[in-house]
Participant: 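Encoded as structure tokens, here's the structure I'll be asking about.
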Amino acid sequence: MTNEKTERSHRVAAIKETAKSTNGGRSYLLRGLWACRLAAGLTQRELADAMGGSQATVGLLERVCRGAYLGTIARLCEALGVAPEDLLS
């Protein structure tokens with residue numbers, strides 16, 4: 001395993017340890033999503049378009065009404081230019 005993969009593995013493990021999970025650890029509540037979206041200067045619709053989702057989903061995730069799967073977290077991070085930890089805290 002390369003150093004980058006090892007570091008990523010440790011970061012994911014730390015996220016899973018500290019993040020509040022729903023669905024038995026299959027999805028995570030994104031308490032920092034709203035702040036990250038505002039910092040990026042995006043509307044909910046713009047973020048939804050950038051990540052390939054819907055505005056309703058972004059709204060539910062921001063209000064912590066539902067959890068996000070790891071794939072969704074990855075797409076959000078890419079669209080916002082943030083690390084997963086930023087979305088979870």
Participant: Among all residues two or more places apart in sequence or in another chain, which pass the side-chain contact (heavy atoms from CB on, under 4.5 Å) test with Ala35?
Facilitator: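 Per chain and number, Ala35 pairs via side-chain contact (heavy atoms from CB on, under 4.5 Å) with no residue.
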Participant: Filter on salt bridge (Lys or Arg N to Asp or Glu O under 4.0 Å), then keep only pairs touching residues 51-64, sequence neighbours left out; what's left?
Facilitator: Arg37-Glu62
Participant: Measure the CD1-OG distance between Ile73 and Ser27 for me, rounded to the nearest 0.5 Å.
Facilitator: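 Reported value, rounded in 0.5 Å steps: 8.0 Å.
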Participant: Let me check something: do Leu70 and Val58 share a hydrophobic cluster, defined by ILVMFWY side-chain heavy atoms less than 4.5 Å apart, either directly or through other members?
Facilitator: yes
Participant: Sub-3.5 Å donor-acceptor pair from the side chain of Asp49 to the main-chain atoms of Glu46, do we have one?
Facilitator: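 Side chain of Asp49 to backbone of Glu46, a donor-acceptor pair under 3.5 Å: no, none is there.
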Participant: Report, as yes or no, whether the 6.0 Å neighbourhood of atom CD on Glu78 holds more than 12 heavy atoms from other residues, nucleotides or ligands.
Facilitator: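 Not buried by this count: 12 neighbours or fewer within 6.0 Å.
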Participant: Leu80 and Ala40: which non-hydrogen atoms are nearest, and at how many Å?
Facilitator: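 In this case the closest contact between Leu80 and Ala40 is CD2-CB, 3.8 Å.
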Participant: Any chance you could lay out the side-chain contact (heavy atoms from CB on, under 4.5 Å) test for Leu88 and Leu33, step after step, and finish with the verdict?
Facilitator: CA-CA 7 Å; Leu88 297 165; Leu33 176 57; over 6 Å; no
Participant: What distance separates Gln55 CD from Gln44 CD, expressed to the nearest 0.5 Å?
Facilitator: 5.5 Å
Participant: Quick one: do Thr57 and Arg66 satisfy side-chain contact (heavy atoms from CB on, under 4.5 Å)? Show the steps, please.
Facilitator: CA-CA 9 Å; Thr57 297; Arg66 69 176 264 199; 3.8 Å; yes
Participant: Provide the closest heavy-atom pair for Ala79 versus Ala50 in the form atom of the first, atom of the second, distance.
Facilitator: CB-CB, 3.9 Å
Participant: Would you mind listing the cluster partners of Leu38? Hydrophobic ones only (ILVMFWY), side-chain contacts under 4.5 Å, chaining allowed.
Facilitator: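 Besides Leu38, the cluster holds Trp34.
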Participant: Which residue, Leu29, Leu30, Thr72, forms the side-chain contact (heavy atoms from CB on, under 4.5 Å) with Leu87?
Facilitator: Leu30
